[in-house]
Amino acid sequence: MSKYNYNHSVVEKKWQKIWERKGIYNTDMKARGKQTFYNLFMFPYPSAEGLHAGHAFSSTGSDIFGRFMRMNEKEVFQPIGYDSFGIHSENYAIKVNETPQKMLLRTLKTYTNQLKSMGHGYDWTHSLTTSDPDYYKWTQWLFVKLFKAGLAYRKEAEVNWCPSCKTVLADEQVMTPAQAGKDPIRADGKPVGSDEDVMVCERCGTVVERKILKQWFLKITHYAERLLKNLDNINWSERVVKTQKEWIGKKEGIIITYPVDGKNASIDCFTTRPDTNFGATFIVVSPEYARKNLVNLIPPKNIQKVTKYVNNALNKTEQQRKKEGRVKTGVFTGLYAINRLNNYKMPIWVSDFVLGGFGTGAVVGVPGHDKRDFEFAKEFNIPVKRVVVGSNGDTSEITTLDKVEEGEGIAINSEFLNGMNTHKATEKILDYLEKQGWGKRKTTYHLRDWLISRQRYWGPPIPMIYCEKCARQGKSWFTKNSLPENSRNSDDWQSAGWYPEENLPVLLPKLKYYLPQGTGKGPLADHPEFYKTRCPVCGSVAKRETDVSDTFLDSSWYFLAYPNVGTKEYGQDLRAQIKQTNKESAKPFNDEILSNWLPVDLYFGGAEHAVLHLMYARFISMALFDLGIISFEEPFPRFFAHGLLIKDGAKMSKSRGNVVNPDDYIQKYGADTLRLYTMFLGPMDGYPDFRDTGIEGMRKFLERLWLLFNTKYSLKTSKKESIKVNQTIKKVTKDIKKFRYNTAIASIMELVNFLKEQKRISQDSLIVLCKLLAPFTPHLAEEVWVEVLGKDFSIHKSTWPKINTKIIKNQPVNIAIQVNGKVRKVLRFAHHEALDQDVVAKKAIADPKINQWLKGKKVVKTIFVPQKIINFVLK
RNA sequence: GCCGAGGUGGCGGAAUGGUAGACGCUCAGGACUUAAAAUCCUGUGUUCGAUAAUCGGACGUGUGGGUUCGAGUCCCACCCUCGGCACCA
């Protein structure tokens, strides 16, 4: 090839072929003697014909780090695969009117070609596809394991239903339209008002409905405390940690029991601020609570008004309640409750601002220290008491909303709590109330159990068998005494008649018509040849579960599978296994490989999975840890949340018509150009906008690079050149470690500009430059390494350049002149002038400006200020 | 309302308390060319002044204060933007 033309398509194809043939990115899983590095990138789900430029942006970010670690002498494992099961793929198949199987045959080929054409260093020998029976038999095995451990159960519950996807959704898959990035639509075609607060399906943007159905749940709440606690010990992007913490939503408080005056009854209220309880002046219960627990107690003269209010409130939809805003309404029940702390008689009210579904559904009103309580008290002329003095020191009466002190402070008017700070007072009162038997500590979480049933076709069938005969006799897989710890206290235990299927996989049959029914049952329910079976215990006719599991169950363990792909453990036949006595110990993992490679060293992915995949994967890992199957709780000690590549100010999406296809750019400019360009646009955790003009410039830079490498070089390196080169190494290394690829590239460009201005460029400088470029532009670097610099095969087996610290030590310095003990003047000198402190000091004094300034002043000291201040006395 | 993150040229974005605007895009001028494209060179925060030319001054990081020899960076108050949570007791 001509040395003056950089032909990207020839070079890139050539090296991609060589890499594949020689398998240089294939990892020796039993590697010894080298430190291992598991570099994981969130696998894509094939819900379109191919990847868009956003994937190129994020996957390149992950690949660069992997290549960097490789050059830092780590044995790097960088796998890739496909999250091919699930609603997203199925919906796309429906759209193109094909079966998911057939659609995937085509799209996976495209995805693979695209990923390869970007030049990522993936180990394709450890690839996996979640819809492959070899994979999903283990997903089913996982479900069975969880079931046996009491972590999977079935219960009837009010659940989210997407009328468009015709399936239920987990709480995490329901969000506001803004979060989903979709305009809300209603299944019946009615328009959604812009002021309406609606929740939509994460996938399709349809407004969700509520339905009561019997479904399978995973008991993630059992791990709420550990999921929360461990967050403090893992190195994750801050915003993701915060989101998870909020989603778990831990609240510590106490349930206080207040006797109802003159009745043989009491009301339980949950509060997180028992330290303010001396300031309680009323009780409010939700309409739900009133209807359920209070109606019989209410005096006749109040009953009509209360009933009317309750009925009215309960007939309103959630949306109506929200629309009415914060105006407080309510009705007095005629009843009083006693606050046993001070024997205060608190009127009991009913109001719809109290939620039936949170806490106990009843609240104790402390109007001085809760804004909502204050609004309510003002509305109905209920007394307000101050029991906390906040940081502003105000002790006056609380008469307006802005005087309500919700923060921490010092307790007053609270008898034995007086003078204590909020923290101490809380501890004291908690102990006191428990000791008196008036209350009980209670911790609540926002996190709910994970609903995994899906009434769809494209997923792993939930491997459970239902035997009606056994159910009638109250039999189940668990004997009465063998109910696991986790489930023993649960009211939700309704699994009589259910047995786990161990003859795995329960194959998903090929169906020609697989569309969701919308009846609350999945398409498999129409296929007796699938669901008809025999009870594994009594042998009578039994039925299989016809729902499939959530796609997030597939992806909750895939990172554990990658390193084990190809092992005999992962490949073993579970159908043969069950005949063996050790069937309980069957698992897809090789212990040596697990300990060599896991947990994942760096997980690179999108922040949108904060409460979805990332939470589920942590939960599953903890469960597997408790079952003794793996030896760590946290699968991802380090997670980096990348940003998103946007186009014309918006997220790329088909409906907006702003999808950038990376193929066009790879063909026109080359993968290296696209890699370098997307990385240069901005910080990796930002939201850079893709523009065509910029990429032209980047392509020109690569051409100039190519020319630079092809110019004559000398063997000697000048001192100035050496300083520059070493500064660049230092900067680029630091930036890559912090995922600041854009500034790393800028430094490389600066070095190139510098080298171009030199009359002679040394070979050493070019070698360093080539190495610095290698993670970003792997093909170009490889070509230069071998063809131009004549080095051994593959730059990626070479080592990252070392910094010569001696050379870059001399940085610019400041000379500060001290008069009468205070620094009064500072001069700045370039590094090469400031090698000797005395020389510099003399020079400072000699400076005409300083000289003039110094006139008539007594110089005591000059101070040498490079990075830190070093004092020395001027003689 | 509460909790985060942030506000720097025409644009994307750089700056361990130490020459603000690296690097790139855009734009302008020049060279080459019959011409255009490509390429290369020069300039490009605002403003004032000056020279034959090299040049010099002032102001500039949302606003107003403060600390410091020195502040985009640290502290206080305010304004604005973007995320997350939201009648969760």
Side-chain angles (χ1 to χ4, degrees), chain A residues 4 175-176 178-179 197 238-243 245-247 249-251 253-256 269-274 276 280 283-284 286 321-322 324-328 351-366 369-373 375-376 401-402 406-407 444-446 607 610-611 676-677 680-683 685-698 700-701 703-704 707 731 734-735 740 742-753 756 811-819 822-830 853 863 865-869:
Chain A
Y4 298 105
M175 37 189 76
T176 64
Q179 288 169 328
D197 278 332
E238 203 48 51
R239 55 188 169 133
V240 179
V241 172
K242 225 190 84 214
T243 313
K245 278 190 180 168
E246 270 172 16
W247 187 259
K250 181 181 180 175
K251 296 227 158 63
I254 185 165
I255 292 178
I256 304 175
C269 297
F270 176 72
T271 175
T272 56
R273 287 294 300 276
T276 61
I283 296 255
V284 205
S286 59
R321 272 213 220 177
K322 272 183 180 166
E324 285 166 14
R326 286 158 192 272
V327 181
K328 297 287 182 288
S351 173
D352 65 1
F353 87 88
V354 178
L355 304 175
F358 183 82
T360 60
V363 183
V364 52
V366 185
H369 306 284
D370 184 293
K371 288 190 171 164
R372 293 157 307 178
D373 292 353
E375 282 168 356
F376 192 81
L401 188 61
D402 57 302
E406 292 188 313
T444 64
Y445 298 91
H446 170 254
V611 295
L676 205 54
Y677 173 63
F680 182 64
L681 273 171
D685 52 2
Y687 295 80
D689 207 325
F690 189 94
R691 278 172 310 166
D692 280 16
T693 49
I695 201 164
E696 295 268 359
M698 196 49 85
K700 286 170 194 167
F701 172 71
E703 278 164 19
R704 286 198 294 272
L707 279 175
K731 204 150 182 297
K734 205 168 125 195
D735 285 345
R740 306 271 302 172
N742 57 331
T743 49
I745 294 167
S747 304
I748 294 173
M749 287 178 154
E750 197 187 341
L751 176 65
V752 169
N753 290 344
K756 265 175 28 193
Q811 294 195 341
V813 290
N814 299 305
I815 306 302
I817 298 163
Q818 235 186 37
V819 179
K822 275 195 111 182
V823 176
R824 290 295 181 208
K825 206 83 182 171
V826 176
L827 274 184
R828 196 177 164 81
F829 290 88
W853 180 82
I863 297 173
V865 194
Q867 300 304 318
K868 285 168 197 152
I869 292 176

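Below, chain A is the first sequence line, B the second, and so on; all start at residue 1.
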Determine the interatomic distance between [atom1] on [N] and the same-named atom on [M]; round to the nearest Å.
N	M	atom1	result
B:C82	B:A31	C1'	47 Å
B:G45	B:G21	P	10 Å
B:A22	B:C11	P	15 Å
B:G62	B:C3	P	23 Å
B:C23	B:C41	P	14 Å
B:A77	B:C87	C1'	31 Å
B:U8	B:A20	C1'	8 Å
B:U46	B:U51	P	23 Å

With [X] via side chain to side chain donor-acceptor pair (under 3.5 Å) - residues at least two apart:
X	result
A:Asp370	A:Arg372
A:Lys700	none
A:Arg740	none
A:Thr743	A:Asp735

[X] [atom1] - [N] [atom2] separation (whole Å):
X	N	atom1	atom2	value
A:Asp370	B:G1	CG	P	17 Å
A:Asp352	B:A89	CG	P	18 Å
A:Arg273	B:C88	CZ	C1'	15 Å
A:Glu696	B:A38	CD	C1'	11 Å
A:His446	B:C85	NE2	C1'	10 Å
A:Phe701	B:C40	CZ	P	12 Å
A:Leu751	B:A22	CG	P	17 Å
A:Met698	B:C25	CE	C1'	10 Å

Smallest separation among heavy atoms of A:Arg239 and A:Asp685, with atom names =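 What the structure gives for the nearest pair is NH2-O, 4.1 Å.
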Who are the side chain to side chain contact (heavy atoms under 4.5 Å, CB included) partners of [X], not counting sequence neighbours?
X	answer
A:Leu681	A:Leu645, A:Tyr677, A:Pro688
A:Ala746	A:Phe680
A:Lys242	A:Glu246

OP1, OP2 of B:A89 versus side-chain N and O of A:Lys251: anything below 4.0 Å?
->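 Result: yes.
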What residues form a salt bridge (charged side-chain N to carboxylate O under 4.0 Å, His left out) with A:Lys250, not counting sequence neighbours?
->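 Expected list: A:Glu225.
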Please name all residues satisfying salt bridge (charged side-chain N to carboxylate O under 4.0 Å, His left out) with A:Glu696, sequence neighbours left out, ordered by chain then number.
->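 Scan of A:Glu696 (salt bridge (charged side-chain N to carboxylate O under 4.0 Å, His left out), adjacent residues dropped) gives none.
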Heavy atoms under 4.0 Å, any strand shown: does A:Asp373 hit a base, just sugar-phosphate, or nothing?
->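 No contact.
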Have a look at A:Lys700 and say if it touches a base, only the backbone sugar-phosphate, or nothing, with a 4.0 Å heavy-atom cut-off.
->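 Since only primed, P, OP1 and OP2 atoms lie under 4.0 Å of A:Lys700, the category is sugar-phosphate.
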A:Ile254 side, atom CD1; A:Cys269 side, atom SG - distance, nearest 0.5 Å |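 With rounding to 0.5 Å, CD1 (A:Ile254) is 11.5 Å from SG (A:Cys269).
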For RNA chain B, whose closest nucleotide is more 5', that of A:Met749 or that of A:Arg704?
->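 So the residue in question is A:Met749.
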Identify, between A:Ile745 and A:Thr243, the residue whose nearest nucleotide on RNA chain B lies closer to the 5' end.
->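 Nearest nucleotide further toward 5': that of A:Ile745.
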B:G13 glycosidic torsion: syn (within 90° of 0) vs anti =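 What B:G13 shows is an anti base, its glycosidic angle lying more than 90° from 0.
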So A:Val241 and A:Lys245, side chain to side chain contact (heavy atoms under 4.5 Å, CB included) or not? Walk me through it.
-> CA-CA 6 Å; A:Val241 172; A:Lys245 278 190 180 168; 4.1 Å; yes
Dot-bracket encoding per residue of RNA chain B, Watson-Crick/G-U cut-off under 3.5 Å, | denoting interstrand | (((((((..(((.....[....))).(((((.......))))).(((((.....)))))..(((((..]....))))))))))))....
Using nucleotides 9-14 of chain B, report all nitrogen or oxygen pairs with the protein that are shorter than 3.5 Å.
residue	atom	partner	partner atom	Å
B:G12	O2'	A:Leu681	O	2.8
B:G13	O3'	A:Asn742	ND2	3.4
B:A14	OP1	A:Arg740	NH2	3.3

B/S/- along nucleotides 3-8 of chain B (protein heavy atoms under 4.0 Å) is -S----
Residue pair A:Ile256, A:Val364: steps toward the side chain to side chain contact (heavy atoms under 4.5 Å, CB included) verdict | CA-CA 9 Å; A:Ile256 304 175; A:Val364 52; 5.5 Å; no
